[in-house]
Amino acid sequence: MEVKRRTVKTLVTKLGSVSERTRVDALCELRLMSKLDAESRPLIAEAGAVPYLAETLYSSSHSAQDNAAATLLNLSISSRATLMSTRGLLDAISHILRLHASTSYASAVQSSAATLHSLLIVDEYRPIIGSKRDIIYSLIDIVKHVGSPTRSVKDALKALFGIALYPLNRKTVIELGGVGTLFSLVMKDLAVGVVEDATAVIAQIAGCEESEEAFRKVSGIGLLVDLLDGATSSSMRIKENSVGALLNLVRCGSEKVGREVREMGLGVGVVEGIADVAENGSGKGKGKAVALLKVIYGGNGCVVRDERFDSLLNQCSS
């Protein structure tokens, strides 16, 4: 361990060299070491590498950006506190994300978004990162930009998901145009994984008062209902996310949105989709689906149900 410590210290010292070649070589070695050797990650962070890595994100060299961003991602696995306590780190990440369509290297953008997602695992970091409107704006812009690589979009969506886990951040995502961008992505019928990630974010931001108006502007309820219809062949995860979004809208919205969800949800294909989640989804998904069925049928006492749905609804009180 002592040999590793000395090696790391030497490499980190080289990050401050006046020689670009020396800095590049040290960056490459630290990236590889932090990827392959878990024990080295805290040593690299403790040796003071993070400020150098953050500063390197401003470099015009794509290679330097890439190596620095990848190393930060690797360090975020075990040294989140060190990263978050480094002055200017979030600003440097914001810089890379903001220039995603111009001077930032694509893989550096992806690693930076993934680093945010890693940091957002810690509950107390969510309000801190969520207070950086420039970061949220850039993540939404990556998702919106037609030239963004699929991996960049997926990494940005995962970061947005982590941000939206903190309730007070949801309003900011909505204010910065997140709802329209996310639903546009869903309507493009892209790869299943992208739609799954997009609907996961949608389900989270539905959980605030501001979501009702924003969703109405893009016909969001109708789109979520369509995803539950068997004719769309949505994956189980997309169905679960759609159920979660509709349930959050009802819980956080007005009576009007509750009526809309009930009316649109009564379609045979839609009810079948919700019932499919209630029977075959994940543990959380099943509970939400049963709750949504109760919402739909609870406001429509005259609706005839079959025994299957009665059985599912009875789970609410069992």
Side-chain angles (χ1 to χ4, degrees), residues 8-9 11-17 23-24 26-35 38 40-100 102-142 152 155-156 158-166 169 172-173 176:
V8 165
K9 187 174 181 180
L11 290 172
V12 172
T13 300
K14 289 181 178 179
L15 292 178
S17 172
R23 294 196 304 271
V24 169
L27 263 177
C28 290
E29 288 191 52
L30 286 170
R31 175 182 183 174
L32 188 62
M33 184 181 294
S34 63
K35 177 182 178 180
S40 72
R41 293 169 191 154
L43 299 180
I44 294 170
E46 291 163 8
V50 179
Y52 287 111
L53 296 171
E55 182 181 347
T56 305
L57 294 182
Y58 292 99
S59 171
S60 60
S61 164
H62 282 179
S63 175
Q65 290 177 14
D66 184 24
N67 286 317
T71 305
L72 284 169
L73 174 57
N74 294 336
L75 296 184
S76 74
I77 297 171
S78 58
S79 300
R80 297 185 179 97
T82 303
L83 266 66
M84 286 297 294
S85 64
T86 299
R87 185 177 179 180
L89 173 73
L90 293 180
D91 291 335
I93 289 177
S94 176
H95 172 80
I96 281 287
L97 298 177
R98 185 171 66 252
L99 300 177
H100 69 92
S102 54
T103 58
S104 293
Y105 192 48
S107 62
V109 171
Q110 293 155 10
S111 292
S112 295
T115 297
L116 287 176
H117 179 247
S118 176
L119 294 172
L120 287 159
I121 290 173
V122 182
D123 291 355
E124 52 262 42
Y125 296 159
R126 292 170 188 165
I128 298 172
I129 295 173
S131 70
K132 302 286 187 179
R133 291 174 67 91
D134 50 339
I135 285 180
I136 297 177
Y137 178 87
S138 296
L139 291 170
I140 292 172
D141 196 57
I142 291 170
S152 296
D155 285 328
K158 288 176 181 177
L160 284 170
F161 177 80
I163 287 169
L165 286 174
Y166 183 65
N169 290 339
T172 305
V173 176
L176 295 176

Completion exercise
Value for OH (Tyr137) from CZ (Arg98), rounded to nearest 0.5 Å, stands at 11.0 Å

Handout entry: Rounded distance [0.5 Å steps], CG in Leu99 versus OG in Ser60
Key = 12.0 Å

Handout entry: 4.5 Å side-chain heavy-atom contact, Asp66 and Arg31
Key = yes

Fill in the blank from the handout: Closest heavy-atom pair, Ser76 versus Leu119, reported as atoms and distance to 0.1 Å, is CB-CD2, 4.5 Å

Practice task
Find out whether Thr56 and Arg23 are in side-chain contact, i.e. whether some heavy atom of one side chain is under 4.5 Å from a heavy atom of the other.
Solution key: no

Exercise for the section: First locate atom NZ of Lys132, then atom CG of Leu139, and finally report the distance between them rounded to the nearest 0.5 Å. Expected result: 13.5 Å

Problem - Leu53 side chain reached by Leu57 side chain, heavy atoms, under 4.5 Å - result: no

Practice task
Considering non-hydrogen atoms only, spot the tightest contact between Val109 and Ser104 and give its length.
Solution key: CG2-CB, 3.6 Å

Problem - Tyr125 atom OH, over 12 foreign heavy atoms within 6.0 Å - result: yes

Would you tabulate the side-chain donor-acceptor contacts of residues 81-93 under 3.5 Å, counting partners in other chains and residues two or more places apart, or write 'none'?
| residue | atom | partner | partner atom | Å |
| --- | --- | --- | --- | --- |
| Ser85 | OG | Ala81 | O | 3.0 |
| Ser85 | OG | Thr82 | O | 3.1 |
| Thr86 | OG1 | Thr82 | O | 2.7 |

Fill in the blank from the handout: OG1 (Thr115) and CD1 (Ile77) are apart, to the nearest 0.5 Å, by 9.0 Å

Practice task
Flag the pair Thr172 / Ile163 as yes when at least one side-chain heavy-atom distance between them is below 4.5 Å, and no otherwise.
Solution key: no

Handout entry: Closest contact, heavy atoms only, Tyr52 versus Gly16
Key = CE2-CA, 3.6 Å

Problem - Step-by-step side chain to side chain contact (heavy atoms under 4.5 Å, CB included) determination, Leu120 to Leu165 - result: CA-CA 9 Å; Leu120 287 159; Leu165 286 174; over 6 Å; no

Problem - Test applied, side-chain contact (heavy atoms from CB on, under 4.5 Å); reference residue, Glu29; option that passes from Asn67, Thr71, Leu11 - result: Leu11

Completion exercise
Rounded to the nearest 0.5 Å, the OG atom of Ser112 sits from the CG atom of Asp155 at a distance of 9.5 Å

Handout entry: Note, Cys28 side chain near Val24 side chain (heavy atom, < 4.5 Å)
Key = yes

Problem - Gap separating the OH atom of Tyr166 from the CG atom of Asp123, nearest 0.5 angstrom - result: 10.5 Å

Practice task
May I ask you to check whether Gln65 and Ser59 show a side-chain donor-acceptor distance below 3.5 Å?
Solution key: no

Handout entry: Side-chain (Ser131) to main-chain (Ile128) donor-acceptor, under 3.5 angstrom
Key = yes

Problem - Non-hydrogen atoms of Val173 and Ile140 that approach each other most closely - result: O-CD1, 3.8 Å

Practice task
Check whether any side-chain N or O of His100 sits under 3.5 Å from a backbone N or O of Gln110 as a donor-acceptor pair, and report yes or no.
Solution key: no

Problem - Where Ser152 and Ile142 come nearest, the two heavy atoms and their spacing - result: O-CG2, 3.7 Å

Problem - Taking every non-hydrogen atom, the tightest pair across Lys35 and Arg41 - result: O-NH2, 3.3 Å

Handout entry: Ser79 (side chain) donor-acceptor with Ala45 (main chain) under 3.5 angstrom
Key = no

Exercise for the section: Using modelled atom types only, decide if a donor and an acceptor are shared between the side chain of Ser118 and the backbone of Ala114 within a distance under 3.5 Å. Expected result: no

